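Take a look at the structure below.
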2 protein chains.
Amino acid sequence: MRLLLVEDDARIAADISAVLTGAGYTVEIAADGENAWFLGDTEDYDLIVLDLGLPGMDGMSVLKRWRGNGRHMPVLVLTARGSWAERVEGIDAGADDYLPKPFQFEELLARARALIRRSVGHGAATIAVGPLSIDTRAMRVSVNGVPQALTPLEYRLVSYLGHHRDRIVPPTELQEHLYGDDFSRDANALEALVARLRKKLGAVAIGTRRGFGYYMGENAP
Amino acid sequence: MRLLLVEDDARIAADISAVLTGAGYTVEIAADGENAWFLGDTEDYDLIVLDLGLPGMDGMSVLKRWRGNGRHMPVLVLTARGSWAERVEGIDAGADDYLPKPFQFEELLARARALIRRSVGHGAATIAVGPLSIDTRAMRVSVNGVPQALTPLEYRLVSYLGHHRDRIVPPTELQEHLYGDDFSRDANALEALVARLRKKLGAVAIGTRRGFGYYMGENAP
DNA sequence: ATGAAGCTGACAATTCGCTGACAGACACTG
DNA sequence: CAGTGTCTGTCAGCGAATTGTCAGCTTCAT
């Protein structure tokens, strides 16, 4: 899962980023409105955490411009405490959820999970695909009810494919979501990762559509 | 189920009460500390929802006096957000759970249900995980019945993991709960703490899922 | 048939978590 | 006030798990 964190205070940004990274997300940071707008408009994120009150372009304007351009990724807005007017304005601007500052990191994670789930159309904390079940809260994957020992990277891949079940996911998209900005990796790293996963979960767990990408779930040609 | 709601703001009290009543609970309201203490000490409730910052006797003192008198009904404390010191003090005073304000009513209900379930399940005060038993009231941990001398920080870690048994707790979450917003500590501090604990409680007490976090209880693999 | 795309096993580099030693902060005691 | 002991953060080094890379192989589409 790839997140964009828009926050101008470097220290706060580092803290939040650490928490999100610890929860298994790939986090990129934008420190001002211009940059945030550009990244949000051109890149593909699973969630954007947007702090209002930025230098440069105002956070609310950034959000409005994204929505105006038809970008509809989930956006979680961090607001000042008790600012009701801001909330209302934000709802109109197209925010998906709010978190008044200061907040518990745990709550940020819970809301992030909820938003990501909702955005891809699943209501439950556990996603079931064929013989697999993915518990996004315990970060555990079971095959026919038997829990599997997955490494963090493996889990992130399964989780992403599970959230986008029945859809072909191009390798480039997967690389972006797994590795973020870091382009240093060989394309083969992903293939090796898939191979290791299939060995653990069974060959049927992840399908390949040659020339297009990988998928989980039903996707017969 | 009979609940006591301790809240001085009449409007907020009415709102919360309506929600709880709607969920099928019988709700009584105490608007100040003296009254709350009297009711909690003489009546029998399945759960007490306690807002701190009351007129008259302070909420924390009320809680301490209840516990001092041997009353051990579950208490859910509503705290100001981000007040780490308050939380720690509350743990010591004997609170069973926390909810930072403002909160979603849905979450209040969920936590209330969990607390009530837990309290009827096994006497509330002790959590048993494998060879460990954690007496949350006496703040004492035993291994196979043998009491262990734990330092305050060690106890807080065990207690937190015990309350979240069978769940992977990411290191960032633990750091937040142990150290509050102060992220200046080296990540290694937590690891050192875990190492010391394992030396006291036995290596099996706390498990590690590399790349994910720590856990107590069943969580293989 | 043939080249491209994808798979796989082996190996190496890197990261992560554990541990023992040490030091500063603090409280308690004589 | 000095001395002592406890608690906890920091450091450095070790071992192991994780992950990237490479080379050769298989499969597929045209």
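Just so we're on the same page: letters track the sequence lines, and every chain starts at 1. Fair warning: this is a prediction, and the values are worked out from it, not measured in the lab.
Side-chain N or O atoms of A/Lys200 include one that pairs as donor or acceptor with a backbone N or O of A/Ala149 at under 3.5 Å. Side-chain N or O atoms of A/Thr21 include one that pairs as donor or acceptor with a backbone N or O of A/Ser17 at under 3.5 Å.
Using bins of under 30°, 30° to 60° and over 60° for the plane-to-plane angle, the ring pair A/Tyr160/A/His177 lands in the tilted bin.
Side-chain atoms of A/Ile116 and A/Tyr25, non-hydrogen and from C-beta on, do get closer than 4.5 Å to each other.
As a whole-Å value, the separation of A/Leu153 CG from D/dA17 P is 18 Å. When the P atom of D/dT27 is taken as reference, atom CZ of A/Phe212 falls 21 Å away, rounded to whole Å. Going from atom CG of A/Asp186 over to atom P of C/dC7 covers 14 Å, rounded to whole Å. Regarding B/Leu190, its CG atom lies at a distance of 14 Å from the C1' atom of D/dT10, rounded to whole Å. Across the protein-nucleic acid pair, B/Leu174 atom CG and C/dG17 atom C1' stand 14 Å apart, rounded to whole Å. The distance from atom CD of B/Glu154 to atom P of D/dT6 is 13 Å, rounded to the nearest whole Å.
Taking only side-chain nitrogens and oxygens, A/Lys199 comes nearer than 4.0 Å to OP1 or OP2 of C/dG9. Note on B/Arg198: a side-chain N or O is less than 4.0 Å away from OP1 or OP2 of C/dC18. The side chain of B/Tyr214 places an N or O atom within less than 4.0 Å of a non-bridging phosphate oxygen (OP1 or OP2) of C/dC18. Close to D/dT8, at under 4.0 Å from its OP1 or OP2, lies no side-chain N or O of B/Tyr155.
Comparing atom distances between the B/Asn188 side chain and each of C/dT19, D/dT18, D/dC22 picks out C/dT19 as nearest. Each of D/dT8, D/dT10, D/dG20 was ranked by its minimum atom distance to the side chain of A/Tyr179; first place goes to D/dG20. Nearest to the side chain of A/Glu191, among C/dG6, C/dT19, D/dG9, sits C/dG6. The side chain of A/Thr208 approaches C/dG6 more closely than any other nucleotide in the set C/dG17, C/dG6, D/dG9.
Ranked by how close their nearest DNA chain D nucleotide is to the 5' end, B/Arg210 and B/Thr151 are led by B/Thr151. Of the two residues contacting DNA chain C, namely B/Ala192 and A/Ala192, the nearest-nucleotide position lying further toward the 5' end is that of A/Ala192. Comparing A/Arg196 and B/Lys200 along DNA chain D, the residue whose closest nucleotide (by nearest heavy atom) sits nearer the 5' end is B/Lys200.
Using modelled atom types and a 3.5 Å distance limit, the side chains of A/Arg156 and A/Thr151 yield no donor-acceptor pair.
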